[in-house]
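Worksheet for the structure shown next.
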Amino acid sequence: MKNYELWYEKEAPFGYENIACFEPENIPDEGWENWSLPLGNGYMGVNVFGRVNTERLQITENSLSNPYVLKKGGLNNFCELYLDFGHEHVENYKRGLRLNDGTAYTTYRENGVDYTRQHFTSYPDKVFVTKLSSSAKGGLSFTIRPGIPYVKPYLNEEGDGMGKTGKIETKDNVITLSGIMEYYGIQYEGQIHVAISSGKIVTKETTIEVTQADSAVILMAVGTNYKMESRVFLEKEHQNKLAPYPHPHDAVTSIINEAKNYSYEELLERHKQDYCPLIQRASIDLGGDKENVPTDVLLEEYRKGSRSRYLEELYFQYGRYLLISSSRPGTYPANLQGTWNCYEKSPWSAGYWHNINVQMNYWPAFNTNLLEMFEPYIDYFKVYRPLAEELASDYIKHHFPENFSDKAGENGWIIGTGGWLYKISGMSEPFTGHSGPGTGELTSKLFWDYYAFTMDENHLKDTVYPAILSLSRFYQKVLISQDDKLLAKYSASPEQRQNGVHYHTTGCAFDQQMIYENYHDTLKAADILGCQDPYIEKLREDIKKLDPVLVGESGQIKEYREESHYGDIGDHHHRHISHLIGLYPGTVINCNTPQWMKAAEFSLNQRGDESTGWSTAHKLNTWARLKKGNRAYDLLKMILSKCTLNNLWDTHPPFQIDGNFGATAGIAEMLLQSHEGCIHILPALPDEWSNGTYSGLTARGNFEISVTWQERRVKTLEVLAKSNGNCRIFLGDEYKADCIKDGFITFTADEGQRYSFGLS
Ligand code: FUC
């Protein structure tokens with residue numbers, strides 16, 4: 001893999017201190033959001049500012065949260081770590097983030113002394129590590145001064161305490177931050193341990209002073225008493241949710257004590273051994289050169305039309321980096337901001353939003369070879385599922401009492417749009433929401449794709465099939481029979497409005513397509529597992545009546561059954577393209593349904609390209625699925641030019657990580673697809689990418705694919721089979737070779753084998 005690095009010749013602006021409060025109408029913390037560089041190990045996120053006078057390191061832990069009430073509340077800033085150096089007149093300044101080894105750095109010279117800082121977050125050791133050094137003996141002096149933002153008591157409208165307490169104590173080179181977030185009774189603790197080589201270290205009341213050291217190593221660990229368990233979701237009384245769980249002090253102490261056993265070099269080595277193989281699994285080379293231009297300048301030039309291939313490659317790898325940093329097995333899933341938040345009231349609470357956003361987070365897990373990064377969501381699902389079953393029962397009891405069953409689990413499960421670590425939402429009673437029940441399948445599609453990419457039959461049997469079968473039970477109960485069709489009775493195309501109010505209907509495309517996909521995947525799974533059941537036979541009949549895709553009089557995919565021309569109902573340019581959900585991430589609209597593909601193209605053109613970050617990323621994926629490389633590339637250009645901040649974070653605005661993840665998956669989708677019963681090489685190659693290589697992109701069937709191409713023609717192709725199975729690869733009719741028949745290479749693959757093909 002090439003060297004991929006974000007780097008800058010100026011420090012990140014300081015941003016706000018202790019007053020950052022994001023509300024949609026407020027100005028975001030510009031220094032944090034636009035310029036700081038993110039590190040993360042799933043357990044914690046760190047934003048590094050690279051400042052010389054006072055460094056700002058901002059820390060996030062995803063369970064430290066208030067509930068979301070009317071655009072307020074949500075994830076809280078864990079703490080700030082300020083390092084006071086007092087440096088002001090520096091030269092040779094540089095800061096950056098190296099994607100190859102997951103480390104950040106700041107270097108500069110002051111008064112003839114070279115100062116270096118290196119930072120990383122370690123997944124195996126669960127700590128944030130910083131090493132500071134100076135080129136002059138005893139040249140390093142600074143004070144560590146932590147801050148706990150937003151410590152204040154306040155009550156919500158119901159009179160519940162929503163405030164936060166916080167105290168800072170020091171003892172023996174350790175600073176301990178601790179307090180309580182009142183609403184859920186979250187007890188939190190962070191510990192900062194400082195060690196120096198030579199020089200002097202003085203522990204003060206709330207700070208630690210280092211003078212005349214050669215170097216210093218700072219370790220930090222964080223924790224709360226949160227536990228991702230079903231009882232937390234089922235417990236209705238907010239104060240009781242965490243009551244049984246112990247204070248995090250012992251856990252945090254043991255993380256620090258264990259990390260202390262290693263030298264800095266050992267910790268770094270352990271981090272690299274964990275991280276580097278993951279980032280190296282997949283790479284794309286479009287011929288970009290690592291130009292000697294800072295990332296913000298590269299981005300600015302890109303906006304002006306100078307399209308750096310290196311920036312496109314970097315952006316792709318950065319999406320993979322962000323997923324590795326925010327969602328690792330055993331941690332919580334990546335939220336709307338991944339695992340980075342500096343606010344008291346985070347945008348949309350930094351929640352798990354299920355009408356597109358959280359699912360988009362995981363799209364690149366599948367096709368960019370980061371499958372296990374999805375595991376935290378599977379764990380999350382297993383934990384919230386009992387509540388999702390309760391919500392399904394409540395909904396059916398209210399709206400379809402005739403279909404209600406009092407047998408446990410018989411009503412299936414459902415998740416509405418909102419999800420957090422403390423609760424999830426269902427469909428409302430009465431139905432007032434802005435998204436129909438398709439949100440359930442948009443979620444379980446991920447489980448199906450996880451199976452399709454891993455071919456893990458145990459996972460299919462133990463997790464996927466039970467989940468999708470149970471969801472199909474819910475769907476079966478919320479469909480009504482109308483004109484010999486089965487239609488979702490309470491149905492809404494996410495967030496569309498008519499005359500200012502959310503538009504509710506029967507059988508909109510979003511719900512019908514998602515229910516269709518759910519039935520389809522359930523039947524496929526039943527066939528693979530050999531499950532025969534009268535219920536499955538009923539699904540086989542019912543799926544024929546779902547009518548998931550309708551073409552209207554303008555030639556559009558109808559968003560609503562009652563619409564005749566494009567845009568009759570709802571916003572013409574709405575950011576959600578929910579009626580095309582069957583094109584991506586669904587598969588019901590595909591190359592075997594050419595009329596639907598044509599209608600989807602028409603609808604996409606009507607919707608227009610310009611939109612918010614994640615929406616642009618969704619459109620990139622749909623254009624890739626339509627096999628229109630140049631149009632997909634238009635969307636990628638738009639993402640980089642209009643929806644990308646200087647630290648390459650996606651902006652909705654504000655910063656949302658979903659756009660990064662969606663676009664990363666979209667880039668892979670331009671180069672490799674596998675949803676149409678075969679592996680399609682270079683399905684949506686834009687003219688600008690006429691030469692290139694990629695390696696380690698993943699395809700359904702559990703294959704890793706590596707390709708080189710020149711002048712838009714595939715030259716070499718390598719398949720690594722990670723499971724036994726049939727491998728069917730589509731290159732195109734124009735390829736002639738002994739191994740190719742009608743444009744396809746077909747063979748039976750053995751697990752562990754590599755298959756190489758040279759094509760002229
Ligand atoms: C969905 C979107 C919004 C925003 C929010 C977090 O509701 O429609 O644009 O991204 O999620």
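One-based numbering, in listed order, for ligands and for the atoms of each.
Using the six-membered ring where Trp is involved, Tyr566 and His572 have ring planes that are perpendicular, over 60° apart on the 30 and 60° scheme. By the 30° and 60° cut-offs, the orientation of the rings of Tyr450 relative to Phe374 is tilted.
Among the candidates Tyr503, Phe510, Trp614, the single residue satisfying the ring-ring contact (aromatic ring centres under 6.0 Å, His included) test with His576 is Trp614. With respect to Arg607, the side-chain hydrogen bond (donor to acceptor under 3.5 Å, both in side chains) criterion is satisfied by exactly one of His574, Gln556, Glu559: Glu559.
Using a 4.0 Å heavy-atom criterion, the residues that approach ligand 1 are Leu336, Trp348, Asn355, Asn357, Glu495, Arg575, His576, Trp614, His652, Gln656.
Salt-bridge annotation for Glu182 and Lys164: absent, with no side-chain N of the basic residue lying under 4.0 Å from a carboxylate O of the acidic one.
Checked against a 6.0 Å centroid threshold, the rings of Phe431 and His504 count as neighbours.
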